[in-house]
Enquirer: 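Encoded as structure tokens, here's the structure I'll be asking about.
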Protein chains: 2
Amino acid sequence: MHKEEYLFSKKKVSYLFDYSINQLQQLVDGDIILLTDQTVFNFHQQKFAGYKTIVIEAGEAFKHQQTVDKIINQLIEFDADRKTMLVGVGGGVVTDIMGYVASVYLRGVEFAFVPTTILAMVDAAIGGKNGIDVGVYKNMVGTINQPKFLLYDNSFLQTLPTEQWINGFAEIIKHACIKDAKLFAELQHNSIEKYKNDAVLLAALIQKNVSLKTNIVVNDEFEQGERKLLNFGHTFGHAIENLYQVPHGNAVSIGIVLAAKISEEINNFYSVEKDSIVALLKQYQLPTTLNVDKGNVFSILTKDKKRVGDNINFILLNKIGEAVIQPISITQLEDLMHQIL
Amino acid sequence: MHKEEYLFSKKKVSYLFDYSINQLQQLVDGDIILLTDQTVFNFHQQKFAGYKTIVIEAGEAFKHQQTVDKIINQLIEFDADRKTMLVGVGGGVVTDIMGYVASVYLRGVEFAFVPTTILAMVDAAIGGKNGIDVGVYKNMVGTINQPKFLLYDNSFLQTLPTEQWINGFAEIIKHACIKDAKLFAELQHNSIEKYKNDAVLLAALIQKNVSLKTNIVVNDEFEQGERKLLNFGHTFGHAIENLYQVPHGNAVSIGIVLAAKISEEINNFYSVEKDSIVALLKQYQLPTTLNVDKGNVFSILTKDKKRVGDNINFILLNKIGEAVIQPISITQLEDLMHQIL
């Protein structure tokens, strides 16, 4: 059990590593309401005993306004007021929705997260970005607002299905690509199985990734510069994720390959390093290609939140461990897509 | 034409008095999308010519999530991006919804207001509180976020129906009650007709109320103390507004009378001052009583955003021009309601 604190622009956020969800009531004065999804609830029902709990359907397909409406109605029924602490217990969908609801319910109430997947632990639950999808457009609506704390209880990982482990490693590999060549090398020497079977190794990996992402966000909470680097692989990734109902990590993996190819094409990124990335993604059982309709993908790209006028801010690699922001015009992007897809 | 600037916690907000909506394009770099309602649009169609405009149905009954959903879909169709400025042109419903949508669309884009009613000019458009209703519960969902500027174009008032003038004066009388005995005296010596027929007197009244409210908010943007005073008359007001479909100003007027009676009952507020308030409300054609179902009203009161645990922070008067925050328990409130209603 150890605690780290980071100072964001408006809030101090505590990271509680090696804690148990059973300690929640000790950490919070006053009422708690939990939000989770059907899958987590079914596997860990006893952990929710005694708490007012809102259970939503599991999956990205439910990360939309109708789910938000249901949660708000339940909060009203539960008499949630400005002293109530809302805690999202789940993967990225649960933490994204919980952060969003807590930011707008009664114009904002306090909230915290217990991330239960690798993806949420190392990425989704960190940094305060929350939100919901609108149709095929990812995270079109949301806010940036930090939770009071994140509680890491790795016992949730015991029931995490293999595809969710794979999903989470896409973001870990992304972190290595943009910021940490040593982490890239560590990953090359290990495997999902190895991390699954070595709790100490896994805990260290999670904490390294938490601190890597958190440091980027603390320096640039409102994404004026460095934080944009975390979008590596996500511009294409988001476009294909909802269009083809691909799990987030798989979509990001394919997006990473495309961004690496564009880096090779227009940023002098070495072909051999691109090959190492593709190999590492495969080593972690992630897909590296997908048959897509270029027209459909392109039309979604033009709606990307990162578009500014006629440009999309694209993240490219200089080398493994070092990324750069590069505005690419919509026209050039269309050409590049036809070249590399 | 003159400009005032106020520094809120995170943003500088400009107030542009005696401007024309025709100057909008000069004030903004880049794309503008306007939001208005059917009533304003019908009366002032020529003012919207050449702008991408989203028109919603008029009235508090449409201040809900379905309207937000429609607006977001239209913003996506209009290709609104992070450089787009959203401008709400209308009364409090339009500015509340515009502020809310702009706070969550793409996790936040810039926005401004052109308030077109007395109520919006002196109250609703000021202070950054935005939001929507959930069922009968007012403003259950929203954020606090300041617009870039407010543009005052009093030509919109030429088409404002009398009941909307009356509606706006409820908030002006509220301001006088809680903060400004001189304003109270000025109001006693005038009438709606007089303000309607004297553009200079009216402009001065609006600016006085704008600065009164803005100063309170600047000192306490997130409503930890003084800003709560602005809720005078609003706890009961909000409870009856949606339950009985009463216009906001009328509901507030009735709420002011009840709060004045409670002040008399438990805060030594002089009976003669309470009578002056009732008389002034009547002078401005506002209702001072309503037959209500006490049970229904009470059940909504218990869901008030201002409730904290078993107490509601109630605003009472010490004297005309001076208000105080007083926590009242739910039980005491129920007793008081039976006494005064």
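So you know, we letter chains A, B, ... as the sequences are listed, proteins then strands, and number each from 1. Atom set for the values below is all heavy atoms of this structure, side chains included, hydrogens, waters and symmetry mates excluded.
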Enquirer: For B:V141, which of A:V101, A:V104, A:V68, A:L75 qualifies under side-chain contact (heavy atoms from CB on, under 4.5 Å)?
Expert: A:V104

Enquirer: Report, as yes or no, whether the 6.0 Å neighbourhood of atom NZ on B:K11 holds more than 12 heavy atoms from other residues, nucleotides or ligands.
Expert: yes

Enquirer: Got a second to check how far A:Y137's OH is from B:I72's CD1, nearest 0.5 Å?
Expert: 13.5 Å

Enquirer: Considering only heavy atoms and a distance below 4.5 Å, find which of A:I144, A:N139, A:I76, A:V134 pairs most often with chain B.
Expert: A:I76

Enquirer: Kindly check if the number of other-residue, nucleotide or ligand heavy atoms within 6.0 Å of NZ (B:K52) is above 12?
Expert: yes

Enquirer: Using heavy-atom distances under 4.5 Å, tell me whether A:T143 contacts chain B through its side chain, its backbone, both, or neither.
Expert: both

Enquirer: If you draw a 6.0 Å radius around NZ in B:K294, do more than 12 non-hydrogen atoms from other residues or ligands fall strictly inside?
Expert: yes

Enquirer: Let me know if B:D69 has heavy atoms under 4.5 Å from chain A in its side chain, its backbone, both or neither.
Expert: side chain

Enquirer: Checking heavy atoms, do the side chain of A:N73, its backbone, both or neither come under 4.5 Å from chain B?
Expert: side chain

Enquirer: So how far is it from B:E223 CD to A:R82 CZ, rounded to the nearest 0.5 Å?
Expert: 6.0 Å

Enquirer: Tell me whether A:R107 contacts the main-chain N or O of B:N130 through its side chain, where contact means a donor paired with an acceptor under 3.5 Å.
Expert: yes

Enquirer: Is chain B contacted by the side chain of A:K10, its backbone, both, or neither, given a heavy-atom distance below 4.5 Å?
Expert: side chain

Enquirer: Are more than 12 heavy atoms from other residues, nucleotides or ligands located less than 6.0 Å from atom CG of B:D310?
Expert: no

